[in-house]
Structures are given as C-alpha cells and as structure tokens.
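Only one structure is covered here, and it is reproduced in the block below.
What you see is a predicted model; the values in this text were computed from it and never measured.
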Amino acid sequence: MGISQINTSDNSELLHDVKKQSKKGFIFLTIRSVFIYLLQALSVLLLARWLTPKDYGIFAVINGWIGVSLYFSDVGTAGALISQASNPTDSQLRTCLAVNFLLSLIFTICFWLAAPLIVQYNKLDHNVIWMIRILSIAMPIISMRIIPKVLLDRGLLFIQSGKVDIVEFTLRYASQILLAGLKFGAWCFVIAHILGAITGTVLLLKKIGKFHLPWLSWKELQPLLKFGISFQANAIVPALRGLVVPLVLGALLPLDQVGITTWSIGLSVIPLILVYNYNQVVFPSLVKLKHSHESFCSVASRSTELGILGLVFICGLGATCSSTLIDILFNQRWAVAKPLMPIAILGTSLWMLSYLGGAVFNATGKPGVRLKIETVTVVIEFSLVWWIVKRIGPPGYLWLLTAANATGLLLTAFSLRNYFRKKTALRLVLSLTATLIGFTIVRTLGISNLFLQTLLFSTAFLAITYPLDRSVITDSTWVIRQFTPRKAAR
C-alpha cells in the first residue's frame, strides 16, 4: 500500500500531537480563509462597478500564460524536502532556492522577449506588452519564498504562514480596489499582484530570521529531483489546463466573453482556499504518520470527510443562489454570467473534491498515480475544447470542464479506496446527491428570495443526508465548536 503497517509505542502519542497541531493550524487557516473571503467579496463587488468584462478578459489571458509558467519554474524540490524524514540541510535548502530562482528568471526573460508575439496571437492592444513584462517579474520574487515555506510547513507552523497570507491578500485586494477606482483598468491586477508578491516574500523571509543565498549543488539536487519531478508534475499537468484560456478562448472568443467566462470561474473557485488549507495542513501531518497505517487512515478519512461536507455544501448553496446574488450585488453588465455560474460551480467543485486526494497521494509516496489521473482529465479537455468552443461558446467549455473533472473525481476515489473508511465514500455520494436535489427544488419552484433559497436548500440538504448519516449536523458545526469553551470535567 505504500505505508508500512508498523506499530510502535510512540504511535498514540505521535498521533495525538499531530492531530493537535493540525487542528490548531486548520482552525487558524479557517479564520484566515473567512477574512480573505470577505476581502475577496468586497474586491469583486467594487471591481465589477469600475471594470468591464474586457478588463477581466485581458488579465485572464496574460495571467493564463504566466500562471502556468510559474508551475514549470518549480521542479518539486520543496515537496521533496517537506516529505523527507530528516531535517533539510543548509546545502539542500540553498540548492532548492537556486533551482527555483534560476528557472523563474529564465521564464521572466522569455516573457520579456515573447510579449509582442503573445499580444499578436491573442489580438490584444499594444500596451498589454508591458503588462506581460511587469507581471512576469513576480515569478523570481515568489521563488525566493520557497525556503520559508518548506521550514514552516515541516514544523506544522501554519499559523505563522497564515499571518503572512492575511497581510499579503489584504494589500493585494486593497491595491486592486484603489487602482481600479483610479481608472487603471486591467493594470490594477498587475500592480496589485507585484505588491502582494513582494510583501509576502519579505514577511516570510523575516519569519525564519535568515536569508539563504542560492547555491546549486548537483550532489544535493539529484535525490531531490527523484521525488520532486513526479511531485511537481501533479501540479504542472492540471496547470496546463490554464492554457485553455490564452490558447483557445483568447483566440476564438471576444475579450468580453473571455472575461465573463473567467469571471464566472473565478467566483466559483472562491472555496478553493479551503482546499489549499486542507492540503497545507494534511500533507505534512500525514507524512509524520506514514509508518502507522491505522493512524494514517484515521486522520486521512476524518479530514477528508470534513472537507467534503463543507466544500459540497458551500458550492451547492453558491450555485443555488448565484443568479440572485448577481442581481443584488452587480450591475447589469454582469447579468450575462447568470446562466454560466451553476455550470462553472459544478465543474470546479468536482475538481476541488478530487484535489482533496492530492495530500494523500503525495504523503503515501504515490504522486505518479495522481499524475496519471490529471493527465486523463487534461487529454479529455484539450482533445475537444477547440471544437466545442467554436460551436457552443462559453457554456460548451464549462460543460466540457465538468465532464473532465467528473472523470478525475471518479478515478481519484477509486485509487484511494484503501486509505479511507466506507463512510468517506458514503458522505461523498450523499453530499453530491443532496446538493443536486436541493438545487433542483429551489430552481424548479422559481424562488428568488435569497433568504428562502438558503433556507430551502439547507433544509433539503440535511433532510436527505441526516437519515443515513446521523453525524452530519455535528460535523457541520465542527469549526464553530472548536471556539466554544468546554466545561471542565467533574
């Protein structure tokens, strides 16, 4: 199975310590997520008043090119250092930094040279050339935070990195809002991204209190690449799907339609930060338990069940209320997104659910299995996207995204069946079924009141899941109960 079933006298103590650290970290990261949600909601609300779908389309296209390249600038050395049993040496850390910084610098130079060609291919305005060049500078800046991330994740010090995230995202969203209000257009995204990258990197380096100079050691690099390449390939392959926007949508659709499509997807992946929290906490926690199969499966099952429950409910409620929220919060220019939102949320939620399994794949030393699954989804999407977008437009692309992600989720669930309890699979099926039924009931009745939509969907969700899963209510309030003072035992 990839995990030796070794029992030692320290297993119970180790399990208790890891659970305590993981719970503490996840609680703080949840608080961080709520705060960032509020910032993101405020940003989306205000930006929609000052920016146009075309502005979103411009940034979506250039960020599509650079965002994918960011994954290629990392060959998985950080993941290798996090997963290894011994503490990383100074030489390993400097080698990890050197590889990532060098690759990021090479990609930045390539973007400075290729910017005119990108603008020509996507039929963008000439001034977008400098947007591409400036945005690419973020790549080497972000690469410099790799050592702090490794050390903080290995120490399960999620609170420290979470504090940095709060500052970085606050600055980024505040800058976007300010610059959009000053009529900077799509430039507001570029400048805000650079400011956030610099701030986050500086604060993370300050957290560890030491600056490592990059130095490439081939002796240290070889063993890191052995695990790292397959580890990072799991991020690179799905990231290739991001090329659909600049390669296909940007070439076939008007920029305003590209903007509406990516805006819809951007809203639908807001819960993704919860999934990142999950992986950030669960992956290093499971690594510490991989010598005890029972403890490993206990933590993997429990954490995944909580993730499924929260993610499916949030996405289902978002899809149910999406049209009403667009009418309430945004002006008329964004009304064309209403038929796209439920499809976008369905497709992205299936991907986020399968992404929950990434921590287990990596912790068991089997990132190659996940890589094969991601490759299948990429092949499905790329083989049909050009034909479908030309004939059906944005809705066709979103339905194709849904089909590819549904395939990925089924393959992930099958591959990880030996690491989860039967209850985990039951919760996945129950939650998805309850969500689809609740959504259908609200939409069929034509309810447009936001409060009634929320009430009816929540009631339907609990009515369907509770008879077969009596702990659903208790687990739904898990995060809240962590802040409730417990009575002292008598």
Side-chain angles (χ1 to χ4, degrees), residues 55-79 94-147 149 172 186-198 200-201 213-216 218 221 224-225 228-252 255 258 262 371 374-375 378 381-382 385-386:
D55 292 323
Y56 274 91
I58 292 172
F59 183 73
V61 169
I62 64 175
N63 193 50
W65 292 108
I66 295 175
V68 172
S69 302
L70 194 61
Y71 287 93
F72 282 94
S73 66
D74 184 357
V75 288
T77 51
R94 294 176 67 188
T95 297
C96 178
L97 174 60
V99 171
N100 283 268
F101 183 78
L102 181 61
L103 290 174
S104 299
L105 192 60
I106 291 173
F107 274 107
T108 299
I109 293 172
C110 290
F111 276 113
W112 275 69
L113 297 176
L117 297 177
I118 294 174
V119 167
Q120 182 179 358
Y121 175 80
N122 291 119
K123 302 178 181 65
L124 302 173
D125 295 336
H126 190 265
N127 68 332
V128 178
I129 291 176
W130 280 101
M131 285 189 189
I132 297 171
R133 290 172 173 169
I134 299 300
L135 187 62
S136 68
I137 296 175
M139 297 177 67
I141 295 174
I142 292 174
S143 72
M144 296 176 66
R145 64 176 67 179
I146 194 165
I147 292 179
K149 295 292 287 183
R172 179 178 298 181
W187 272 102
C188 73
F189 296 114
V190 177
I191 299 173
H193 189 76
I194 294 293
L195 290 176
I198 294 173
T201 301
L213 291 174
W215 183 261
L216 189 61
W218 292 107
L221 182 60
L224 294 179
L225 290 179
I229 290 179
S230 59
F231 178 91
Q232 186 61 17
N234 283 283
I236 291 175
V237 172
L240 288 173
R241 302 171 75 177
L243 285 175
V244 169
V245 173
L247 275 178
V248 182
L249 301 188
L252 296 179
L255 279 176
V258 176
T262 55
L371 176 59
E374 294 289 0
T375 302
V378 170
E381 187 171 342
F382 269 89
V385 65
W386 195 279

Distance col, row L135:CG vs I62:CD1, nearest 0.5 angstrom, shows 5.5 Å

Which residues pass the side-chain contact (heavy atoms from CB on, under 4.5 Å) test with L213, sequence neighbours left out?
R94, F211

Listed partners of F189 passing ring-ring contact (aromatic ring centres under 6.0 Å, His included), at least two apart
Y56, F59

For I106, give me all partners under side-chain contact (heavy atoms from CB on, under 4.5 Å), at least two apart in sequence or on another chain.
L102, C110

Partner set under ring-ring contact (aromatic ring centres under 6.0 Å, His included) for W112, not counting sequence neighbours:
W130

Under the side chain to side chain donor-acceptor pair (under 3.5 Å) test, residues paired with N63 that sit two or more places apart
none

Spacing of OG belonging to S143 relative to CG belonging to L97, to within rounding of 0.5 Å
6.5 Å

Residues forming a side chain to side chain donor-acceptor pair (under 3.5 Å) with T108, sequence neighbours excluded
none

Using 0.5 Å steps for rounding, measure from the CG atom of L195 to the NE2 atom of H193.
10.5 Å

Residue pair R133 / F111: nearest heavy atoms and the distance that separates them:
CG-O, 4.3 Å

Pairs meeting criterion side-chain hydrogen bond (donor to acceptor under 3.5 Å, both in side chains) with involvement of residues 118-128, two or more places apart
W65-N122

What residues form a side-chain contact (heavy atoms from CB on, under 4.5 Å) with I198, not counting sequence neighbours?
I141, I194, V202

Are any of the side-chain heavy atoms of L255 and L124 separated by less than 4.5 Å?
yes

Any residue meeting ring-ring contact (aromatic ring centres under 6.0 Å, His included) with W215, in chain and number order, not counting sequence neighbours
none

So how far is it from W187 CH2 to D55 CG, rounded to the nearest 0.5 Å?
13.0 Å

Can you tell me how far CG of N100 sits from CZ of R145, rounded to the nearest 0.5 angstrom?
12.5 Å

Roughly how far, to the nearest 0.5 Å, is the CG atom of L252 from the CH2 atom of W386?
4.5 Å

Who are the side chain to side chain donor-acceptor pair (under 3.5 Å) partners of R172, not counting sequence neighbours?
E168

Taking side-chain contact (heavy atoms from CB on, under 4.5 Å) as the test, write out the residues that go with T262, two or more places apart.
A60, V245, V258

